[in-house]
Amino acid sequence: MKPTFSQRLRYQFDNLMSRGTPALIGMLFVFSLIIVMIAGAVISVTGFVQEGTEGPLSFGEAMWESLMRTLDSGTMGGDTGTGFRAVMLFVTLGGIFVVSALIGVLNNAIESQMERLRKGRSLVLETNHTLVLGWSAQIFTILNELIAANENQPSARIVILADKDKVEMEDEIRERVEIRGKTRIICRNGSPIDPNDLEIASPHAAKSIIVLPPENSDPDTDVIKTVLAITNNPNRRAEPYHIVTQIRHPKNMDVLKLVGEKDSVQAIQTGDLIARVVAQTSRQSGLSVVYTELMNFGGDEIYFKHEPALAGKTFGEALLAYQDSSLMGLRKADGKILLSPPMDTRIEAGDQVFALSADDDTIRISGESRPPLNESAIRSNRSALEPQPEKCLILGWNRSGTTIVRELDNYVAKGSQVTVVADIYNIEKQINAQGGKLQNQTLVVEEGETTDRDLLNRLGVQDYDHVIVLAYSTVEPQEADAKTLVTLLHLRDMAQKDETPFSIVSEMLDLRNRELAEATQVDDFIVSEHLISLMMAQLSENAELFDVFTDIFDPEGAEIYLKPVSDYVAPGAAVNFYTVTEPARRRGETALGYRITAESNDAGKAYGVHTNPKKSEAVTFSPEDKIIVIAEN
């Protein structure tokens, strides 16, 4: 059926209204112009004028009089003359309609724009910014670290794009992040896996991109999709992107490398890394604090430097060349990282040293030809003790459990035992399927509620050398940490009654719960997400550190250890750190610092961990203190 004129008119009006605010304002302008022109034409043709006015008004003057009454209805109050008043009444009524409609249109336009801004859908026009894609509990640590790293920068910018309400993101950031310096945080709402939404955050102008995995059962899939949306974007830039992310399952690493083969995609394999830290820390308390000190921006950091003055010298000779920095290794001219290489390794002209220092400009050769050593306090290289079988108890279970058991097997002596207790079914099958056959440990698995004191008493906890409390992954983080805290309180009470106290290491999920856990006075806490977040923040600021961190956490080769101070210097004697570095050098080890046991429960003193101490300052060690070294075993 052919549409009627009214239907066509209504259809055209609907189309006009759908074009938005500019079309509506234009329509009102045309309507006002028509009213003014009609009124002007009527007055000029009929000769209507106000009383006392001589001669008719011209068309232009008539239009001006009409326009004034359209814009201000009060102007009509002084009009005279019947015909003139009638025309101006028509103009004034039209003006009231137009102005009222215009106010409504503008008000709606402003409200729509405010709503759009609240939703965070406007384009970001920043350059050289750090872009964070996704939202999880890790973001607060990352933001705090990035702000600390850029505190002295005049215009640092951090852009966040996540599938979360913009206002909610900003509120949570204000509550949990301390804004310092001139760093500005910009939040936008959008899906990181959608290429169109990605454009909002200007990824092609970012200096680095951090991809956070979502808090779901299969985060690797979303991470790979997000990286794919960046690297295969039709608007991508020619230069390689610097992308930092994390992967849970090792099998997905090859896929991620394929997706980002043209770019610098640095992925942390979270499961193995955290499991390795838990396994190592269970046998040497304080190690997780050392890792935290190495990777946060709050103190000393790792820097690279060309040092022509060291060319031709050995690495061992270079260890005593710095007073305010602790040398860690070399980066050869071909890019290969050597963490604590053999002491006779020759430093060549194209090599760089990397060291722990307050800043890159504090890595300075001291110039002392003979560092002040207290030879009388140095202990000779003692033969290593024969390793003894150990008993380890693991309470609780999560996806890192299998890797922890396997890692422990690499460190303990033959004849050791590991016992796993958790209210999880089929743990032994998981370990056998994923971890392979154990070489040095026998495995005992028991189902039970780890917060049950009767169960802990029956297990004979005091008979174990090490106890590891893992956070359950089958419940919410806060509930998991609550169960961990109850278990730790029981263990603390049992340890106080034991004459041969066992070490206790616990995994926490939420950093905020660490303060509560400190009341249990256990040996060490590992906040897994916090450690990963620190590493991601470091890598986003300095991509060169990736190979260094890979080497530090690689089970093959040199690792970080806390060893008895009596293996290096005599306890009770005041010695400087030059004197501590020398016996470590003679043993083929690189000294990084020390841990004072008396301060192990003091959070304000980094739980007794002192990395990169000034080498000329004297310290008196007790027999229980430890020296932090990079060593082969």
Side-chain angles (χ1 to χ4, degrees), residues 137 215 217 248 269-285 287-288 291 390-412 417-435 438 441 443-453 455-456 459 461 464-492 494-495 502-511 513-514 516-517 520 522-532:
E215 296 173 327
S217 59
R248 179 182 296 178
Q269 195 170 311
T270 57
D272 284 358
L273 187 146
I274 295 303
R276 194 169 295 123
V277 172
V278 171
Q280 293 178 357
T281 304
S282 70
R283 306 181 70 251
Q284 42 184 357
S285 174
L287 183 59
S288 72
Y291 286 141
E390 302 173 22
K391 291 182 67 178
C392 179
L393 174 63
I394 299 177
L395 299 172
W397 195 252
N398 57 38
R399 55 181 173 268
S400 299
T402 299
T403 310
I404 292 172
V405 172
R406 186 174 67 242
E407 287 295 323
L408 283 171
D409 198 58
N410 296 328
Y411 292 105
V412 299
Q417 175 185 315
V418 57
T419 302
V420 180
V421 180
D423 57 354
I424 304 291
Y425 176 70
N426 233 354
I427 291 177
E428 189 169 3
K429 187 175 180 180
Q430 291 181 40
I431 295 173
N432 292 333
Q434 302 174 32
L438 300 178
Q441 303 175 110
L443 175 65
V444 179
V445 177
E446 183 174 335
E447 287 186 43
E449 176 53 61
T450 53
T451 58
D452 185 354
R453 179 61 177 263
L455 173 63
L456 297 177
L459 287 170
V461 174
Y464 288 87
D465 300 295
H466 315 292
V467 178
I468 300 173
V469 183
L470 295 182
Y472 283 97
S473 57
T474 54
V475 296
E476 291 296 317
Q478 293 302 325
E479 183 181 349
D481 282 355
K483 295 182 73 168
T484 299
L485 287 169
V486 173
T487 303
L488 291 176
L489 288 169
H490 287 312
L491 292 173
R492 173 194 177 189
M494 298 171 76
F502 45 87
S503 69
I504 307 172
V505 173
S506 172
E507 180 188 21
M508 305 295 292
L509 298 180
D510 193 326
L511 183 64
N513 291 326
R514 177 164 185 156
L516 298 176
T520 63
V522 303
D523 296 271
D524 219 331
F525 299 97
I526 298 166
V527 186
S528 52
E529 301 292 347
H530 181 64
L531 198 61
I532 298 295

Check: Are E390 and Q441 side-chain neighbours, meaning at least one heavy-atom pair lies under 4.5 Å?
Finding: no
Notebook entry, point to check: Which pair of heavy atoms, one from I404 and one from A279, lies closest together, and at what distance?
Noted result: O-CB, 4.2 Å
Next item on the list: First locate atom CD1 of I468, then atom OG1 of T419, and finally report the distance between them rounded to the nearest 0.5 Å.
Entry: 11.5 Å
Notebook entry, point to check: Does the side chain of V445 reach to within under 4.5 Å of the side chain of K429, using non-hydrogen atoms?
Noted result: no
Note to self: I need the minimum non-hydrogen distance between T487 and T450, along with the two atoms involved.
What the structure shows: OG1-O, 3.3 Å
Next item on the list: Kindly compute the distance separating CZ (R453) from CG (L489), expressed to the nearest 0.5 Å.
Entry: 10.0 Å
Note to self: Test side-chain contact (heavy atoms from CB on, under 4.5 Å) on R283 and D465; report intermediate values, then the result.
What the structure shows: CA-CA 9 Å; R283 306 181 70 251; D465 300 295; over 6 Å; no
Note to self: With rounding to the nearest 0.5 angstrom, report the OG to CD distance, S288 to E507.
What the structure shows: 11.0 Å
Note to self: Any non-hydrogen side-chain atom of V405 less than 4.5 Å from a side-chain atom of L438?
What the structure shows: yes
Margin query: What I'd like to find out is whether the side chain of L459 reaches to under 4.5 Å of the side chain of E446, using heavy atoms alone.
Written below: yes
Next item on the list: Hey, could you give me the CG/CD distance between N410 and Q280, rounded to the nearest 0.5 Å?
Entry: 10.0 Å
Check: Closest heavy-atom contact between L408 and C392?
Finding: CD1-SG, 3.8 Å
Check: For E449, which residues count as a salt bridge (charged side-chain N to carboxylate O under 4.0 Å, His left out) partner, sequence neighbours excluded?
Finding: K483
Check: In Å and rounded to the nearest 0.5 Å, what is the CH2 to CD1 distance from W397 to I424?
Finding: 10.0 Å
Notebook entry, point to check: Can you name the residues that form a salt bridge (charged side-chain N to carboxylate O under 4.0 Å, His left out) with D452, not counting sequence neighbours?
Noted result: none
Check: Looking only at heavy atoms, what is the nearest atom pair of P477 and L509, with distance?
Finding: CA-CD1, 3.7 Å
Next item on the list: List in chain and number order the residues that pass salt bridge (charged side-chain N to carboxylate O under 4.0 Å, His left out) with E479, two or more places apart in sequence or in another chain; answer none if no residue qualifies.
Entry: none
Next item on the list: For the residue pair V444 and Q417, establish whether any side-chain heavy-atom pair is separated by less than 4.5 Å.
Entry: yes
Checklist line | Non-hydrogen atoms of S282 and S503 that approach each other most closely | finding: O-OG, 3.2 Å
Next item on the list: Verify side-chain contact (heavy atoms from CB on, under 4.5 Å) between L443 and V420, making sure each step is shown before the conclusion.
Entry: CA-CA 8 Å; L443 175 65; V420 180; 4.1 Å; yes
Checklist line | Y291 side chain to T281 side chain, donor-acceptor N/O pair below 3.5 angstrom | finding: no
Notebook entry, point to check: Are side-chain heavy atoms of V412 and V418 found at a separation under 4.5 Å?
Noted result: no
Check: Is E529 close to I274 at the side-chain level, that is, under 4.5 Å between some pair of heavy atoms?
Finding: no
Notebook entry, point to check: Does some side-chain heavy atom of L491 sit less than 4.5 Å from a side-chain heavy atom of L395?
Noted result: yes
Notebook entry, point to check: In Å, rounded to the nearest 0.5 Å, how long is the span from OG1 of T451 to CG of L485?
Noted result: 11.5 Å
Check: Which heavy atom of R248 sits nearest a heavy atom of T270, and at what distance?
Finding: CA-OG1, 3.7 Å
Next item on the list: Have a look at Y472 and tell me which of D423, T484, D481 forms a side-chain hydrogen bond (donor to acceptor under 3.5 Å, both in side chains) with it.
Entry: D423
